[in-house]
Amino acid sequence: MFDSIKKKFTSEGNEPAATTGKPDICRDKSAELFAKAKTFFPGGVNSPVRAFKSVHGTPLFIKKGDGCHLWDADDNQFIDFCCSWGPLILGHNNAKVREKVIEVMQNGMSFGAPTALENELAELIVKNNKFIEKLRFVSSGTEAVMSAIRLARGYTKRDKILKFEGCYHGHSDSLLVKAGSGLVTFGETSSAGVPKSFADETIVVALNDKEALKKAFDEFKDQIAAVIIEPVPANNGLLLQEKEYLQFLREICTQNGTLLIFDEVISGFRLGFEGAAGHYQIKPDILTYGKIIGGGMPVGCYGSSAEIMGHISPDGGVYQAGTLSGNPVAMGAGIAQLSELLRMGFYRDLNKKTEEFTEAIQRFATARNYKFKVFTIGSIFWFAFTDKEAIRSADDIDAASMEKFKKLHRELLNRGVYLGPSGYEVGFISSAHSKIDLEKAKRAIFDSLEVVFREK
Ligand SMILES: *Cc1c(COP(=O)(O)O)cnc(C)c1O
């Protein structure tokens with residue numbers, strides 16, 4: 001009797017109303033669309049992470065985006081921190097990008113022949129990025145990475161590649177490989193349909209582990225064509241590496257005649273115009289880009305020195321092609337978006353805004369002794385339910401903590417904040433997130449954290 005009264009008192013009387021879980025938003029239309037989508041697509045989606053498998057409810061079907069806001073099929077409105085998984089650094093439906101796309105489209109959408117627009121986007125990049133002399137446009141990040149790997153193999157005449165557990169590089173066969181057991185291992189395929197013989201060409205080691213790297217280079221002397229890394233690993237939480245470790249990686253590659261590939265599909269044009277290479281001032285041999293480079297259109301790119309790029313067909317023997325590569329509409333979107341990023345102070349303002357936002361959230365959590373950390377770099381952030389000061393390798397992530405993320409995600413949706421539907425995904429802030437929007441989002445995050453940490 002006493003217990004139930006006390007319970008009632010604490011949950012409804014004494015606590016601020018916001019600390020109760022909010023009722024779920026209406027998802028009727030999304031649920032209906034999802035049911036239909038399931039009849040067409042495996043899992044009802046065209047990319048698996050959209051399926052809301054690790055969070056509550058059915059995926060939201062999006063009707064419209066504008067600035068930092070999204071609207072779903074049921075007319076719920078959200079402040080969006082997914083930003084199409086990173087490309088929308090100017091927010092949704094940016095007027096400059098939209099107008100450029102419409103202008104280009106007046107003249108047709110694809111020719112399969114060169115256009116001046118390709119030169120224009122390439123010039124924007126090469127002039128403002130000291131790490132690239134020549135490049136090739138493709139249509140996705142996966143394609144960029146796959147081509148970069150082939151280039152490295154063709155250039156070095158070696159077959160093996162080395163990747164890190166916890167880095168994602170798209171879905172090409174050689175890279176759908178995870179660590180086996182042991183310090184240095186041949187990879188094991190992480191997807192059905194990848195031949196074991198392919199995985200045998202990929203060595204997988206843990207991030208932030210110099211010994212493992214040394215051992216790999218000893219064991220596979222003169223066999224490793226390339227080491228590929230996300231210099232800012234942001235696809236499995238945000239596993240920030242120390243600069244010194246990345247420098248070590250640079251040196252060991254140089255010593256062994258192995259090419260270093262920075263997969264900057266997320267970090268490129270995000271940490272700054274020169275991405276992570278510029279941030280750390282470390283020069284990789286090959287760079288890959290995607291996401292931001294296309295302004296929301298499907299564009300990827302890989303680039304390197306003129307000498308290394310000289311090995312790509314038709315100049316060299318490494319074949320790589322694409323019917324829609326350098327598509328004019330996509331180039332137009334990229335030109336418009338990258339031009340905005342080159343404005344004075346763009347990154348300074350964006351990164352400062354992110355810092356203020358994430359610091360406020362961390363202060364709130366720390367003051368309440370929540371086992372919760374916000375990791376951040378540039379305009380990327382990651383919410384981790386941990387008390388560790390740093391998380392630098394995939395093994396450091398506590399899988400059980402994802403239950404807490406699941407609750408947080410639900411509470412946030414119910415309060416009008418959209419995060420990518422997995423606790424392993426990072427969030428992005430765009431230039432369209434105003435101070436007022438971020439203030440609103442912060443309140444929603446505070447209230448949601450209170451609910452998550454109040455529940456046992
Ligand atoms: C997103 C991503 C890819 C794959 O790009 P897609 O355009 O999805 O094919 C590759 N590497 C990194 C680091 C990424 O974040």
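In listed order, ligands and their atoms are each counted from 1.
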Tell me whether Lys36 at atom NZ has more than 12 heavy atoms from other residues, nucleotides or ligands lying less than 6.0 Å away. no

At what distance is the nearest protein heavy atom to [atom], and which residue and atom is it?
atom	result
atom 2 (C) of ligand 1	Lys291 NZ, 2.6 Å
atom 9 (O) of ligand 1	Thr142 OG1, 2.5 Å
atom 7 (O) of ligand 1	Gly141 N, 2.9 Å
atom 11 (N) of ligand 1	Asp263 OD2, 2.7 Å

Within a distance under 4.0 Å of any heavy atom of [X], pick out the atoms of ligand 1 and give their elements.
X	value
Asn235	12 (C), 13 (C), 14 (C), 15 (O)
Ser140	7 (O), 9 (O)
Glu230	13 (C)

Is there side-chain contact between Val227 and Phe164, with at least one heavy-atom pair below 4.5 Å? yes

Identify which one of Asp80, Leu412, Leu408 satisfies the side-chain contact (heavy atoms from CB on, under 4.5 Å) criterion when paired with Val417. Leu412

Have a look at Glu244 and tell me which of Arg250, Arg392, Lys210 forms a salt bridge (Lys or Arg N to Asp or Glu O under 4.0 Å) with it. Lys210

Criterion ring-ring contact (aromatic ring centres under 6.0 Å, His included) against Tyr289, the qualifying member of Phe131, Tyr302, Phe262, Phe269: Phe269

After noting the C-alpha distance and the side-chain angles of Phe81 and Phe357, does the key distance pass the ring pair (Phe, Tyr, Trp, His ring centres under 6.0 Å) rule? CA-CA 12 Å; Phe81 290 103; Phe357 177 69; 5.4 Å; yes

Of the listed options Val426, Leu175, Val299, Val265, closest to atom 3 (C) of ligand 1 (non-hydrogen atoms): Val265

Side chain, backbone, both or neither: Thr288 near ligand 1, heavy atoms under 4.0 Å: neither

Just let me know how His169 lines up against ligand 1, side chain, backbone, both or neither, with a heavy-atom cut-off below 4.0 Å. backbone

Hey, is the main chain of Lys130 close enough, under 3.5 Å, to the side chain of Glu274 for a donor-acceptor pair? yes

